Amino acid sequence: MKYAVELYYDKNTENKLFELAKMIADKEISTRFLEYKTRPHLTLACFNDVDEALCIEKLTSFAGNHQVMPAYIGSVGMFNDTKTIFVSPVMNSRMYQFQRELHECLRDFDTNGYEWYLPDRWVPHCAVALTGEDKDEAFFQASDLILREFKKMSGEFVSIGLVKITFPVEEVYTAELRG
């Protein structure tokens, strides 16, 4: 089983981001993101397999030692190879350190094949459209819509969660960061 650890936004910010994905579905461009039934998030790490009980224990401790962080979402981007459209937070040293410390905390779990989620190779992004399985034009239509509708926003990162990478995504556990 493949797993990911995700960083979640406060509810207000999450709802604004979800509305971007919903707009794409409502215009019948692509529904794939909604079909995954995942929350808007930043993926911090991916693993080939984890001991769920041990991972939950480690995430609980990790979250208890880290505070809520500001989230300033300021740009739109794309991964052309997977036809993923995303918004990106304005990064700072605290966020990079947070991700580095998480990887250190979970160092015993296998990250092979997920090099793009390792410290110093991480591209923090929050997907709003997954058009790789749609007709070719969907990527361009969804990109155009997001470019026209996206507005900079600010909120907070408030929790981390362990999910199983399945279809749909299965949330295993969520831990709140210190307020």
Side-chain angles (χ1 to χ4, degrees), residues 2-46 59 63 66-92 94-95 98-99 102 114 116-117 122-179:
K2 296 180 186 325
Y3 292 85
V5 175
E6 300 177 341
L7 182 62
Y8 297 122
Y9 298 93
D10 63 273
K11 284 295 179 195
N12 185 46
T13 306
E14 184 175 294
N15 289 338
K16 288 178 186 177
L17 293 167
F18 184 75
E19 283 303 312
L20 291 173
K22 191 171 177 321
M23 263 194 295
I24 293 166
D26 289 348
K27 298 251 186 219
E28 299 180 356
I29 298 170
S30 176
T31 58
R32 197 66 172 167
F33 179 84
L34 298 181
E35 291 168 5
Y36 268 99
K37 299 189 184 300
T38 187
R39 297 164 58 184
H41 64 274
L42 294 185
T43 300
L44 297 167
C46 290
L59 287 177
H66 290 83
Q67 291 187 321
V68 167
M69 295 179 287
Y72 303 107
I73 304 155
S75 61
V76 173
M78 296 154 211
F79 295 129
N80 289 349
D81 59 340
T82 61
K83 296 191 174 11
T84 299
I85 302 157
F86 57 86
V87 297
S88 292
V90 176
M91 294 302 294
N92 58 48
R94 183 173 171 202
M95 291 178 68
F98 182 90
Q99 193 243 8
L102 176 78
Y114 295 106
W116 293 108
Y117 291 99
W122 184 40
V123 179
H125 64 280
C126 177
V128 293
L130 306 169
T131 65
E133 296 178 16
D134 295 310
K135 61 184 181 195
D136 289 340
E137 193 59 27
F139 178 65
F140 302 106
Q141 291 172 337
S143 298
D144 184 62
L145 181 63
I146 294 302
L147 289 170
R148 292 175 190 276
E149 297 296 326
F150 174 76
K151 305 284 185 271
K152 290 182 182 181
M153 62 184 85
S154 61
E156 294 180 316
F157 291 111
V158 298
S159 59
I160 55 175
L162 176 66
V163 301
K164 288 183 183 177
I165 303 172
T166 57
F167 185 78
V169 169
E170 179 186 337
E171 281 191 41
V172 176
Y173 177 74
T174 301
E176 300 297 316
L177 300 174
R178 286 185 312 158

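Note: hydrogens, waters and symmetry copies are ignored here, and every other heavy atom, side chains too, is used. Remember, it's a predicted structure, so these values are computed and weren't measured experimentally.
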Mind listing the side-chain donor-acceptor pairs of residues 171-179 below 3.5 Å, one per line with the distance, residues two or more places apart or on another chain?
unit_1, atom_1, unit_2, atom_2, d
Glu171, OE1, Thr174, OG1, 3.3
Tyr173, OH, Thr60, OG1, 2.5
Arg178, NE, Gly64, O, 3.2

May I have the list of side-chain donor-acceptor pairs in residues 67-84 shorter than 3.5 Å, sequence neighbours left out?
unit_1, atom_1, unit_2, atom_2, d
Thr82, OG1, Thr84, OG1, 2.9

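Between the side chain of Thr166 and the backbone N or O of Pro168 there is at least one donor-acceptor pair closer than 3.5 Å. Side chain of Trp122 to main chain of Thr43: a donor-acceptor pair is present (N/O by atom type, distance under 3.5 Å, no hydrogens or angles). For the pair Asp10 (side chain) and Glu156 (backbone), a donor-acceptor distance under 3.5 Å is present. In this structure, the side chain of Glu6 does not engage the main chain of Gly161 through any donor-acceptor pair within 3.5 Å.
The pair Glu14-Lys11 meets the salt-bridge criterion, since a charged nitrogen lies less than 4.0 angstrom from a carboxylate oxygen.
Rounded to the nearest 0.5 angstrom, Leu162 CG and Leu44 CG are separated by 11.5 Å. Atom-to-atom distance recorded for Ile160:CD1 and Phe98:CZ is 5.0 Å, nearest 0.5 angstrom. In this structure, CD1 in Ile165 is found 7.5 Å from NZ in Lys2, a value given to the nearest 0.5 Å. How far CG of Leu20 is from CD1 of Ile146: 4.5 Å, rounded to the nearest 0.5 Å.
Among residues at least two apart or in separate chains, side-chain hydrogen bond (donor to acceptor under 3.5 Å, both in side chains) pairs with a member in residues 137-147 are Asp144-Arg148. Pairs passing the ring pair (Phe, Tyr, Trp, His ring centres under 6.0 Å) check and including a residue from residues 11-39, sequence neighbours excluded, read Tyr36-Phe167.
Across Pro89 and Pro124, no two heavy atoms sit closer than the pair CD-O, 4.0 Å. Taking every heavy atom of both residues into account, Ser154 and Thr13 meet most closely at O-OG1, 3.8 Å. Contact record, Ile29 with Ala138: CG2-O, 3.4 Å, taken as the closest heavy-atom pair.
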#### Entry: Worked verdict on Met95 versus Leu42 for side-chain contact (heavy atoms from CB on, under 4.5 Å)
CA-CA 11 Å; Met95 291 178 68; Leu42 294 185; 4.0 Å; yes
Dump the intermediate steps for side-chain contact (heavy atoms from CB on, under 4.5 Å) on Gln99 and Leu102, then the final yes or no. CA-CA 5 Å; Gln99 193 243 8; Leu102 176 78; 5.5 Å; no
**Request:** Tell me, with the steps shown, if Met153 and Leu17 meet side-chain contact (heavy atoms from CB on, under 4.5 Å).
**Result:** CA-CA 9 Å; Met153 62 184 85; Leu17 293 167; 3.9 Å; yes
Might you work through the side-chain contact (heavy atoms from CB on, under 4.5 Å) test for Thr38 and Val163, ending with a clear yes or no?
CA-CA 9 Å; Thr38 187; Val163 301; 5.9 Å; no
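You'll find the side chain of Ile85 reaches within 4.5 Å of the side chain of Phe139, heavy atoms only.
Phe157 is linked by a ring pair (Phe, Tyr, Trp, His ring centres under 6.0 Å) to Tyr9, counting only residues two or more places apart in sequence or in another chain. Checked against side-chain contact (heavy atoms from CB on, under 4.5 Å), Asp26 has the following partners two or more places apart in sequence or in another chain: Lys22.
Relative ring orientation between Tyr8 and His41 is described as perpendicular, the plane-to-plane angle rising above 60° on a 0-90° scale split at 30° and 60°.
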